[in-house]
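Below is one structure, written out as structure tokens, with a few remarks after it.
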Number of protein chains: 2
Amino acid sequence: MNTHTEENYLKAIYNLSRVKGEANVNELSKQLDIKMPTVNSMMKKLAEKGFIIHESYKPVRLTSKGEKEAALIIRKHRLTEMFLVEKMGFGWDEVHNIAEQIEHVQSPDFFAKMDQLLGYPKIDPHGSPIPDKNGKMEWVEYHKLNECKAGDIVNFKAVTHSSDDFLKFLNSRELLLGTTIKILSIEAFDGTMTIEYNKRKHEILSQLVCERILVAPIKK
Amino acid sequence: MNTHTEENYLKAIYNLSRVKGEANVNELSKQLDIKMPTVNSMMKKLAEKGFIIHESYKPVRLTSKGEKEAALIIRKHRLTEMFLVEKMGFGWDEVHNIAEQIEHVQSPDFFAKMDQLLGYPKIDPHGSPIPDKNGKMEWVEYHKLNECKAGDIVNFKAVTHSSDDFLKFLNSRELLLGTTIKILSIEAFDGTMTIEYNKRKHEILSQLVCERILVAPIKK
DNA sequence: ATATTTTGTTAGAATGTTCTAACTTTATAC
DNA sequence: GTATAAAGTTAGAACATTCTAACAAAATAT
Ligand SMILES: [Mn+2]
Ligand SMILES: [Mn+2]
Ligand SMILES: [Mn+2]
Ligand SMILES: [Mn+2]
């Protein structure tokens, strides 16, 4: 098996690759808070192990082996987060750091049991899909809230970042997954949005916040 | 904080110290399956960190700091085992290896939540006491079954070893914690015991098994 | 009491993960 | 298109954890 360390690199490559299909050393370095030369040498190791393709001075790409490996770690992470929220009573803002550690536990039985107790969930507490046992993940393509138009009515489906701070901010505004949001206006200058949901008639969100909120249009 | 590795050493020292108040390098080496020179150099490190006292060619002893540190890891281990059995439906023979990993998770909240959900348990699924938040452990002094006499009636309180194999053996004999056992006879030659419990009237246990079973006399 | 065995230590090396400093290649700006 | 900046690489070192080989001390056996 792979080490804790290798698993964290694979996961970071996977996440950065989601958009462009590739990840570069500089971004990995920032994301993992590890200096570039260290990342560089780990890229060599992961390439030797067949998890990634790495040509000099080019971004790295996951092989199908690497992609599966990463997805299975993400599966363990997200099942854990779901378990912590649904079965242990943690808030969605409290589970990421714990899951970051438990995702490295080597015990298929442990995660199979979580999965079973949770009723084989498809999404985690942040709205992200949970890969299946083969590492296949179904990505529903949501829109970012900041790309919507004034007058749109949408449903809050997922967040793109799960830092404590951001989730606590949403908690403080009572803005939870599943909430129906009406966009009242958008400030052209800085992208600030005024929205309405539940009993809150004039809530204001900065563009930074809107970029991290994923929504689906309401079908009528 | 300390590394995963240091924590495993501390735990091993604690367990070996239980009987004699000290642990020697050779036994640690066998227990951890790590060669003596490696253990020796780790002893220097742990001594520098103030967890143990180590004079050359003498057994090591935990300082009170080291003892507390070790007890708090054991607390996490045993709470985890209890959680796995009581809240997730694992058998007592399936939980040790998972707990061996989860005991290293750094999250006071996580273990506090387990503790709360379990109702602040005092013993783990193998009958061992769970240290409190200050690392204090109340050891009830049970007897080993092999030290009892023919005719004694005793209650099965704990096991001294929790390997899969041993626990599966007990499962196969339907011999669970809490069972009341009557000792029918003891073979003087090899210490084999014939015992009676529940519907089993003539069960035979080797001395090796009897040494690993802790019991309390029945009060009448 | 001496020889043998067991236990403990030292020295030197290997592997894994990380760093800083120096250099090279690629991208961006003017 | 050249200058500057950003991204990527190489080299060399540090620290943690482990090993084997050789040696030393303590315990045990005869
Ligand atoms: Mn997460
Ligand atoms: Mn992690
Ligand atoms: Mn255990
Ligand atoms: Mn452990």
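All values reported here derive from a predicted model rather than from experimental measurement.
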### Task
Within residues 20-31 of chain A, find the residues that approach DNA chain D with a heavy atom at under 4.0 Å, and present them sorted by residue number.
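Correct list: Asn24(A), Val25(A), Asn26(A).
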
Please check if any side-chain donor atom of [X] sits under 3.5 Å from a side-chain acceptor atom of [Y], or the reverse.
X	Y	value
Asp165(A)	Ser163(A)	no
Asn171(B)	Trp92(B)	yes
Thr192(A)	Asp190(A)	yes

### Message
Enumerate the side chain to side chain donor-acceptor pair (under 3.5 Å) contacts for residues 62-76 of chain B, please, sequence neighbours excluded, ordered by first and then second residue.
### Response
Asn2(B)-Glu69(B), Arg75(B)-Asp115(B)

Could you go through residues 28-35 of chain B and list every donor-acceptor pair under 3.5 Å that involves a side-chain atom there, pairing it with any protein atom two or more places apart or in another chain?
residue	atom	partner	partner atom	Å
Ser29(B)	OG	Ile34(B)	O	2.6

### Sequence-distant partners of His126(A), ring pair (Phe, Tyr, Trp, His ring centres under 6.0 Å), two or more places apart
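None.
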
### Query
With His54(A), which residues qualify under ring pair (Phe, Tyr, Trp, His ring centres under 6.0 Å), at least two apart?
none

Rounded to the Å, how far apart are [X] [atom1] and [N] [atom2]?
X	N	atom1	atom2	result
Leu32(B)	dT17(D)	CG	P	13 Å
Tyr57(B)	dT6(C)	OH	P	17 Å
Lys49(B)	dC15(D)	NZ	C1'	12 Å

### Task
List the steps, then state whether salt bridge (Lys or Arg N to Asp or Glu O under 4.0 Å) holds for Glu27(B) with Lys20(B).
CA-CA 12 Å; Glu27(B) 284 171 332; Lys20(B) 294 168 296 185; 3.1 Å; yes

### Message
Within the 4.0 Å limit for protein heavy atoms, which parts of nucleotides 10-18 of chain C are touched? Write it as a string from 5' to 3', B for base, S for sugar-phosphate only, - for none.
### Response
BB----SSB

